[in-house]
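Only one structure is covered here, and it is reproduced in the block below.
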Amino acid sequence: MSALASHPGVPQRRKRRLNLLGPHLFVLPYAVVLLIFGVAPALYALAMSFARFVGGKPQFFQAGLRNYTIALSDTRFLASFEHVGRYLLVSMPVGVIGVLIMALLLNARPGRIALFFRTVFFVPSAFAGPALVLLAFFVLNPVTSPFRPLLLAMGLQTSTDVYIDDNYPLLFTIMGFFAGAGSWVAIFYGALNAISKEMLEAAVMDGCSSVQVAWFIKLPTILPYIAYMLILVFAGNVQLFAEPQLANVADWSPNQLAYSYAFVIGNFGASAAISLAMMLIGLVAATIIIRYTGFYQTDATAS
Amino acid sequence: MKRKYWPLAAITVMLLNACGAPAAPAATPQTITEKVTVKETVVVEGKVVEKEVVKEVQKVVTATPEPTANPYDQNAPIVVWIDETRKATVDAFKKKYPEKAALIKEELVDRGQFPAKVLLFNNTGKGWPDVVFAEPDIVSRVADTSRDYPLDLNPWLKSKNVIENFAPGSLEPCTFGGKLFCLRNDLAQNLTWYNKPLMDQFGYKVPSTWEDFEALGEAVAKDHPGYVMGFADEWMLNYVYFAAGRCPLGHVIEENTLYINTADERCLRVARMLDKLIAAKVFLTTGPFDPATAKVVNENKLLMLQAASWFGEYIFGGKPDSLYYKTAEGQLGVAVPPKWKNEDKAYTGFGGGAAWTVSKHTKNPDLAVEFAVFASTATEYHGTGPTYPAYMPAAKEWRKTLVGNKLYAEDPYPVMETTAALMDPLIASLRFPTVDLVKKTVSQAVAKGETIESALPELQKELVNAAEAQGYLVKTSNK
């Protein structure tokens, strides 16, 4: 591409157009898939949220705001957002900081051992999430757990002691962390490896300790990746579903409630309303993160 | 940060969220009212007769039409949804009626998905299975207005004797506003299971009232600490104790109207009794299948247990790989469950006990109903089947499977038969699972060391909310 663009025979105006055409072509497949599987369902959900359902079939724009009032007046609605809010307070810091520490530690001493552990961390990500959740049930049950002495020392005798609603945010964080951490460690590890050796050497020569290198050089350099993780983890965690569903905790998260409305009650309208509420939260959060991290800043756009 | 990238970020999040959004139906139906003279197919005792009637019909156009002419085809194949265990039923049917074997197409499914699938079939207007094996709770959910799936079996039954031979009250959970939407396959009446050698050794009598039960619990706590008389997890609370107490977690008073009142004396008596016994450590708070529970039972610390009839074969077992008893040495006694002193008799709930339901969209109701009747009544299958049959003649045949089982102190069949008639008609199939709400409120309280009684107001709130979300009218006082 760049070879073509810089060809001396190409006139200046055409070169500009080609410059734009290239990136757009690259984005096209993604944009098409996004339209079909992302934007279209979201618009359809918007239409459904104003539909009335007769015999399970939608009658569009017949319901007014009724689906929204049904969802909002359900006592489970606010409770489920409160639950997920508490979950985010635990899962986001634990997830991001945990993954960063793991990646920085691996990167601090690159070599065979780091490579080995990077693979070990990645292994759980290769399995389906729900399978890991089921495994976690055994690990967290004081009767069957290999960490039995630890759990007993914490005063947990049986599964009843473990599965108390105050513990859910932490439990679901533990379940989710091991499923997702490995792939994020791999991403950050790659990002850290891409930092120029000269810069790191310069820092060391200026007297930086390895902690200072990590804090002042590595972290700021990979900030866009952290922002990217924040957005994805936030969107993923707001949609928490498998963990509480498999723990047999009914309607704990908004996504479970949306599922209940759709497939237990058969009211797709209220279900769509709840889904849109989740999307709205995701949008606002993404906007804030992007605004304050310079997520899309590149050498070309930086002023 | 450049503003022009905002829409891209917005779309990214949309995509991420859309993954979690439920699948959507697609159809444009209309509701119309029209006056028509139709040849109506009426079914009387299994015979299809045609007559002309003037009808005002209101219908959703995309739905399958009411039978206006004989739409049925006796040679149409039927799809039967079963689980692995019920494969034997299909095989037995095909063996008995080889000429119809080719018409039966069985599919092994997860029936938990059944209500959701019906919604999708309703939208596409095709794909419904003809016969489904499912619990009455599930049948209740596919009978709601948005699904409208089950066929009223009453007019299709060739003989009324079929119904009369089901255990009394056992078809109650299949009956919705006078319509019979399913036939029970098996019953899971709750019984009093007890450890006979331990009871003899301690010199205790099996309690016949809940008041005696409570007194026995206190005696056990005092004289034989460490021995256990039951489990207070949500499953047992919902299906055994609240049911036996006749606590109105959702009593149907008329079609689509529920009486819900956890402040009712019948709930309080259960809560207070259990609170006392949990505090005395005679009750475990873990569920029957929890490893912690199994450990207690394996140490032979279980004196008595109120539980469903299938616990004998499946949970106590008496085989080396059984959950509770690894040996069969006549240690398992069984008795009719206790009654509350001021009730006329004992009432029991049931933990399980599935049924056969037929689709109103079936092209071949003759065969579909014939199959459902066979599946729920045939001695060929139930005589050797795994659970207590709801159909009384089949149950008598099933008794033979218990003979020679060294697990039981005495033949448990007479007690099972007596108890099958004690199932509370107040317990109906509801469109929401009360057990989940008991878990969310009462079990949480118990886990934190609070009382069941203290959690009842919260349970009331959850029950009313769930019932209303399901379109029920709720009454909270029985005046």
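Hydrogens, waters and symmetry mates play no part in the numbers below; they use all other heavy atoms, side chains included. Note that the structure is predicted; figures quoted are calculated from it, not measured.
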Would you name the heavy atoms of A/Ile265 and B/Asp144 that are closest together and state the gap between them?
O-OD2, 3.8 Å
Return the minimal non-hydrogen interatomic distance between B/Leu119 and A/Phe263, and the atom names on each side.
CD1-CA, 4.4 Å
More than 12 non-hydrogen atoms from neighbouring residues, nucleotides or ligands closer than 6.0 Å to NZ on B/Lys295, yes or no?
no
Over 12 foreign heavy atoms within 6.0 Å of CZ, A/Phe147:
no
Taking every heavy atom of A/Ile164 against every heavy atom of B/Lys448, the minimum-distance pair comes out as CG2-CE, 3.4 Å
Output the distance between atom CG (A/Asp251) and atom CD (B/Glu462), rounded to the nearest 0.5 Å.
8.5 Å
Neighbour count >12 (heavy atoms, 6.0 Å) for atom OH, A/Tyr228
no
Atom of B/Asn465, atom of A/Arg76 and distance for their closest heavy-atom approach
ND2-NE, 3.3 Å
Given that the side chain runs from C-beta out, which part of A/Asn141 has a heavy atom under 4.5 Å from chain B: side chain, backbone, both or neither?
side chain
Measuring only between side-chain heavy atoms, which start at C-beta, is A/Asp165 closer than 4.5 Å to B/Lys440?
no
Provide the closest heavy-atom pair for B/Ala447 versus A/Thr160 in the form atom of the first, atom of the second, distance.
CB-O, 3.5 Å
Separation of A/Thr158 OG1 from B/Asp233 CG (nearest 0.5 Å):
11.0 Å
Per-residue contact mode, A/Tyr292 against chain B (heavy atom under 4.5 angstrom):
neither
Identify which part of A/Tyr168 has an atom lying under 4.5 Å from any heavy atom of chain B, answering side chain, backbone, both or neither.
side chain
Measuring heavy-atom distances to chain A, does B/Glu468 have an atom under 4.5 Å in its side chain, in its backbone, in both, or in neither?
neither
One should read off an interatomic distance between A/Tyr163 OH and B/Lys439 NZ, to the nearest 0.5 angstrom, of 9.0 Å
Please classify the contact of B/Asp148 with chain A as side chain, backbone, both or neither, using a heavy-atom distance under 4.5 Å.
neither
With a 4.5 angstrom heavy-atom cut-off, could you sort out which part of A/Asn267 is near chain B: side chain, backbone, both or neither?
neither
Indicate yes or no: at least one non-hydrogen side-chain atom of B/Lys461 is less than 4.5 angstrom from one of A/Thr75.
no
Considering residues, nucleotides and ligands other than B/Arg111, do more than 12 of their heavy atoms fall under 6.0 Å from its CZ?
yes
